[in-house]
Amino acid sequence: MRLEVNNLIYRYHKKALPVLEEISFSMTNEERVGVAAPSGRGKTTLCKLIGGYLVPEQGEILLDGKSVMEYRGYCPIQMIWQQPELAVNPRLRMKEVLAEGDQIAERVIHGMGIEEDWLERFPTELSGGELQRFLIARALGQRTRFLLMDEITAMLDLITQSQIWNFLLQEVQERKIGLLVVSHSRPLLNQVCTRMLSVF
Amino acid sequence: MRTGFFGNRRRRMIFCLCIMILFLLGICVWGLCLEEAAKVTDFSRKNLSPCPAYLFGTDWMGRDMLVRTVRGLSLSIFIGILSAVISAGIALFFGTISAVMGHWVDGLVNGIIDLVMGIPHILLLLLISVALGKGVFGVVTGVALTHWPSLARLIRAEVIQLKESPYIQIAGKLGKGKGYVIRKHMIPHLLPQFIVGLVLIFPHAILHEASITFLGFGLSSEQPAVGIILSESMRYLVTGEWWLAVFPGLFLVLVVVLFYVSGENLRRLLSPGTVHE
């Protein structure tokens with residue numbers, strides 16, 4: 001599958017300066033693309049646009065030639081949010097949160113280091129890092145083809161980070177899932193990605 | 001952690017809540033059984049001060065004040081529940097459509113909310129009740145039409161916030177339909193607020209019913225409503241028959257406080273912040 005971004009322009013208010021100006025790039029589902037830029041340059045905005053959470057002012061995002069906004073039902077492009085606390089309903093138990101995803105394999109749950117008794121807990125009873133593992137697992141559904149990872153391991157310690165990335169890299173290579181990795185950490189991007197995006 | 005039956009606050013609260021609900025229900029049912037007894041007059045026992053036989057005393061027509069008070073309270077509770085339910089229904093409807101439709105609908109609903117809130121409750125209530133010919137119908141309509149705006153505002157704000165919240169947007173991207181989102185995400189979040197809002201309208205409704213009845217714009221005088229009892233007793237207070245006003249008044253306050261406390265307890269039980277206490 002091919003993800004194409006053409007001449008993307010976005011601004012949050014009509015009179016504001018555009019956050020993204022004429023951004024174009026393309027990637028396949030076998031690539032892992034890194035994005036690095038200082039705060040406030042629109043990295044998260046880019047992810048939200050590609051994920052279909054925001055509507056661009058101009059330009060288009062195509063998945064195999066079809067606009068992402070046209071996808072009904074499960075979206076092959078899944079985004080993992082920077083703040084895991086906002087991405088779960090505080091009233092659902094973690095097993096219900098996981099069940100929202102698309103047939104999550106047992107292997108993925110183990111690989112993310114999710115422990116059995118966490119499944120019965122509520123989101124407020126987990127730490128940010130523990131919660132983030134669930135959200136990564138939830139996004140790794142059967143039909144996922146691209147993952148947008150917005151600073152997903154910034155809140156984790158180094159050991160956990162490497163544990164998660166090791167599994168994730170193995171999984172995406174096996175299943176041919178494309179990654180768009182947003183991070184402040186150059187060393188991480190250098191290690192994880194096949195190429196860097198220089199649009200900012 | 002203590003683990004006895006009353007060990008945690010949640011258990012204690014649920015227990016207290018059950019007692020309150022039983023008490024209120026008890027008054028309601030008891031009052032329903034006393035419909036005829038409340039009208040019995042017996043001039044051989046008029047103007048008795050409280051005694052073991054007549055705990056709340058009797059009035060100038062020899063009617064048992066305990067029976068009249070219970071009957072009045074049950075009438076008040078009935079009117080309170082009916083008008084609170086209608087009022088909360090209106091609030092849910094307006095709050096939701098204003099949040100979901102947006103644009104001019106939102107503007108219109110906000111305008112109506114400001115309009116209703118801008119007029120003092122009691123005045124609007126009085127006008128509606130009189131225009132509709134007083135009685136139970138007038139009072140219920142009046143109370144229902146004046147008490148919805150604050151709950152509607154709350155629901156509107158909640159729905160708008162929910163619509164924009166990441167976890168609901170994510171559920172959409174995970175292929176979950178509108179039905180799932182409403183059932184799993186919206187209702188569990190809105191229902192507690194709605195129920196608490198509804199319960200907290202009761203005390204207002206009851207007090208307003210009693211006050212407009214007291215002023216003579218509510219229920220008709222043959223009905224033993226608390227407002228009627230209080231307004232009639234005014235004439236006898238100067239002659240020293242204090243029990244005519246004190247007991248019904250006290251019990252009205254007690255019922256109102258019970259409803260209020262139950263509402264607050266429910267809020268604490270249902271809100272996620274205090275749910276694990």
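All chains are named by letter (A, B, ...) in the order of the sequence lines, taking the proteins before the strands, and each is independently numbered beginning at 1.
In the displayed structure, Y180(B) atom OH is contacted under 6.0 Å by more than 12 heavy atoms of other residues, nucleotides or ligands. Counting non-hydrogen atoms of other residues, nucleotides and ligands closer than 6.0 Å to OH of Y12(A) gives a total above 12. Applying the 6.0 Å contact sphere to NZ of K176(A) captures no more than 12 heavy atoms from other residues, nucleotides or ligands.
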Working for side-chain contact (heavy atoms from CB on, under 4.5 Å), residues R138(A) and I170(B): CA-CA 11 Å; R138(A) 181 173 69 174; I170(B) 291 171; 3.5 Å; yes

side-chain contact (heavy atoms from CB on, under 4.5 Å) evaluation trace for L92(A) with H185(B): CA-CA 9 Å; L92(A) 294 186; H185(B) 293 312; 3.7 Å; yes

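Ion pairing between a basic and an acidic side chain is recognised when a charged N comes within 4.0 Å of a carboxylate O; E96(A) and K184(B) show such pairing.
Between P90(A) and Y167(B) the shortest heavy-atom distance is CD-CE2, 4.0 Å.
Residues Y74(A) and L174(B) form a side-chain contact, since some pair of their non-hydrogen atoms from C-beta on lies under 4.5 Å apart. P166(B) places none of its side-chain heavy atoms less than 4.5 Å from the side chain of Y53(A).
For K173(B), the parts lying under 4.5 angstrom from a heavy atom of chain A are both the backbone and the side chain. Heavy-atom distances place no part of D102(A) under 4.5 Å from chain B, backbone and side chain included. Of the atoms belonging to Q78(A), it is side-chain heavy atoms, and not backbone ones, that fall under 4.5 Å from chain B.
Contact count against chain B (heavy-atom pairs under 4.5 Å) is highest for V88(A) among V88(A), T144(A), V97(A).
At distances below 3.5 Å, not a single donor-acceptor pair connects side-chain atoms of Q169(B) with backbone N or O atoms of G52(A).
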